[in-house]
Visitor: 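Mind looking over this structure? Questions follow.
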There are 2 protein chains.
Amino acid sequence: MMEKKIDELLKKNHLSVTGGRKKILELFLQQEGALSHSDIERKAGEKFDRVTVYRTLQVFLEKGLIHSIPTSDNSIRYALCKEDCSGGHHHDDHVHFICNTCGNTVCLEGVSIPAIRLPRGYSADQVEMLVSGVCKSCNI
Amino acid sequence: MMEKKIDELLKKNHLSVTGGRKKILELFLQQEGALSHSDIERKAGEKFDRVTVYRTLQVFLEKGLIHSIPTSDNSIRYALCKEDCSGGHHHDDHVHFICNTCGNTVCLEGVSIPAIRLPRGYSADQVEMLVSGVCKSCNI
DNA sequence: AAATTATTTGCAACATTGTTGTATTTTTGT
DNA sequence: ACAAAAATACAACAATGTTGCAAATAATTT
């Protein structure tokens, strides 16, 4: 079942498959939303050291397994990349949504970021779009 | 000169005019870009306590003198609001730009955030758009 | 399958960032 | 100039993030 998918994902990205990595990947897979560092620490922290969580997230970021989502409250969230985004920029095509009610952060895969016209002289490299409001589940 | 403008701004927002607040406001006015907490601490920290900087920024935020800009590197930046945004949401109409070369963050007042279509069930409250790339000054 | 090598982990120690309470100082309004 | 209100510094603390290194675990070789 999921075990297999996890192992594959790790191997595909040239990462040793270890307990900590499997656990954290599992959290992402079963969550299907974004997780903050403290979320992860809370859910996996009893079994793994804080430092391991930091390092694991960093490695996942570098390998393009996850991407980071900036938020207004100074707490970065991380979410699984649907496709490989190890190049660095393959995830900036969808909008991120934070629910003010439940606090969940999700990637709106269907909603793509519209192009904008920058002032003369500016060149864009990456675009983030972050919407906050009330999500489907909380919007009874 | 600037002294006067600063005093006015503070008074208009029902804030006592004190050394710390004047200094921090001055930094914002002469910077004309966004500042991170550590920026401010570095530039005003010799004269003022760290806690004072925190509390001052918090008050400025509440009063709508400044607004915060989320960034990917987990370090919120603050920028002066052109108009009053004490209501909370009056600043989400422009795009923010971070230069990867010089590190500066600016508000692109002229560039407004395009409307997007959210999936059924979602309602938006606030929208942030964050572009990173190379700014005018660095794009020789 | 055992041994070697490479990688990951936990731990400790530390640095940075952010928060809270309180006494003192400064500002404001009268 | 005085009383009341507000802001500040200081100390103590909590939370978050970083680094080096020894021990443990995973991958590779024979």
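Computed from a predicted structure; not experimentally measured. Naming convention: chains lettered A, B, ... in sequence-line order (proteins, then strands); numbering from 1 in each chain.
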Visitor: From CD1 of Ile76(A) over to C1' of dT17(C), roughly how many Å is that when rounded to an integer?
Guide: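 It is 14 Å, rounded to the nearest whole Å.
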
Visitor: Check nucleotides 5-9 of chain D against the protein and report each pair of N or O atoms closer than 3.5 Å, with its distance, or say if there are none.
Guide:
from   : atom 1 : to       : atom 2 : distance (Å)
dA6(D) : O3'    : Ser16(B) : OG     : 3.4
dA7(D) : OP1    : Arg21(B) : NH1    : 2.7
dA7(D) : OP1    : Arg21(B) : NH2    : 2.7
dA7(D) : O5'    : Arg21(B) : NH2    : 3.4
dA7(D) : O3'    : Thr18(B) : OG1    : 3.4
dT8(D) : OP1    : Thr18(B) : OG1    : 2.6
dA9(D) : OP1    : Lys47(B) : O      : 3.4
dA9(D) : OP2    : Asp49(B) : N      : 3.1
dA9(D) : OP2    : Thr52(B) : OG1    : 2.4
dA9(D) : N6     : Arg55(B) : NH2    : 2.7

Visitor: Can you tell me which residue among Ile66(A), Val106(A), Thr71(A), Asn104(A) is in a side-chain contact (heavy atoms from CB on, under 4.5 Å) with Arg77(A)?
Guide: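 Result: among Ile66(A), Val106(A), Thr71(A), Asn104(A), Thr71(A) is the only option passing the side-chain contact (heavy atoms from CB on, under 4.5 Å) with Arg77(A).
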
Visitor: Distance check needed: dT16(D) P versus Tyr54(B) OH, whole Å only.
Guide: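 Rounded to whole Å, this separation is 13 Å.
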
Visitor: Just one of Ile113(A), Leu130(A), Val95(A) clears the side-chain contact (heavy atoms from CB on, under 4.5 Å) bar with Met129(B), so which one?
Guide: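 With Met129(B) as partner, Ile113(A), Leu130(A), Val95(A) yield a single side-chain contact (heavy atoms from CB on, under 4.5 Å), made by Ile113(A).
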
Visitor: Mind checking side chain to side chain contact (heavy atoms under 4.5 Å, CB included) for Ile76(A) and listing every partner two or more places apart, or none if nothing turns up?
Guide: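 In terms of side chain to side chain contact (heavy atoms under 4.5 Å, CB included), with neighbours along the sequence ignored, Ile76(A) is linked to Ser68(A), Tyr78(A), Asn74(B).
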
Visitor: Test of understanding: clusters of I, L, V, M, F, W, Y form through side-chain heavy atoms closer than 4.5 Å, transitively. Do Tyr54(A) and Leu61(A) belong to the same one?
Guide: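 Unlinked, Tyr54(A) and Leu61(A) end up in two clusters.
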
Visitor: Within this structure, what is the CG-to-P distance between Asp73(A) and dT16(D), rounded to whole angstrom?
Guide: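 Rounding to the nearest Å, CG of Asp73(A) and P of dT16(D) are 11 Å apart.
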
Visitor: Do you know which two heavy atoms are closest between Ala124(A) and Val131(B), and how far apart they sit?
Guide: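 The answer is CB-CG1, 3.6 Å.
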
Visitor: Establish whether Phe60(A) and Val51(A) are linked, either directly or via other cluster members, by ILVMFWY side-chain heavy-atom contacts under 4.5 Å.
Guide: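 Unlinked, Phe60(A) and Val51(A) end up in two clusters.
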
Visitor: So does Gly121(B) get a backbone contact from the side chain of Asn139(A), meaning a donor-acceptor N/O pair under 3.5 Å?
Guide: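 Checked: pair present.
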
Visitor: Could you label the plane-to-plane angle of the His67(A) and His96(A) rings as parallel, tilted or perpendicular, counting under 30° as parallel and over 60° as perpendicular?
Guide: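 Answer is parallel, since the angle falls under 30°.
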
Visitor: Please report the distance, rounded to the nearest Å, between NE2 in His37(B) and P in dT16(D).
Guide: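 My rounded result for the distance is 17 Å.
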
Visitor: Could you tell me if Ser16(B) and Thr18(B) have a donor-acceptor pair between their side chains, going purely by distance under 3.5 Å?
Guide: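 On atom types as modelled, these side chains do not qualify, holding no pair under 3.5 Å.
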
Visitor: For the helix from dA1(C)-dT30(D) to dT30(C)-dA1(D), how many degrees between its two end axes (five pairs per end), to the nearest 10°?
Guide: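 So the angle between the two local helix axes works out to 40°.
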
Visitor: Quick one: Leu61(B) CG to dG18(C) P, roughly how many Å, whole number?
Guide: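 Interatomic distance, CG of Leu61(B) to P of dG18(C): 13 Å.
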
Visitor: In whole angstroms, how far is the C1' atom of dT27(C) from the CG atom of Leu10(B)?
Guide: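 Distance check: Leu10(B) CG to dT27(C) C1' gives 12 Å.
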
Visitor: Atom CG of Leu57(A) to atom P of dT18(D): distance rounded to whole Å?
Guide: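 From Leu57(A) CG to dT18(D) P: 11 Å.
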
Visitor: Separation of Arg42(B) atom CZ from dT16(C) atom C1', in whole Å?
Guide: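 About 13 Å, once rounded to whole Å.
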
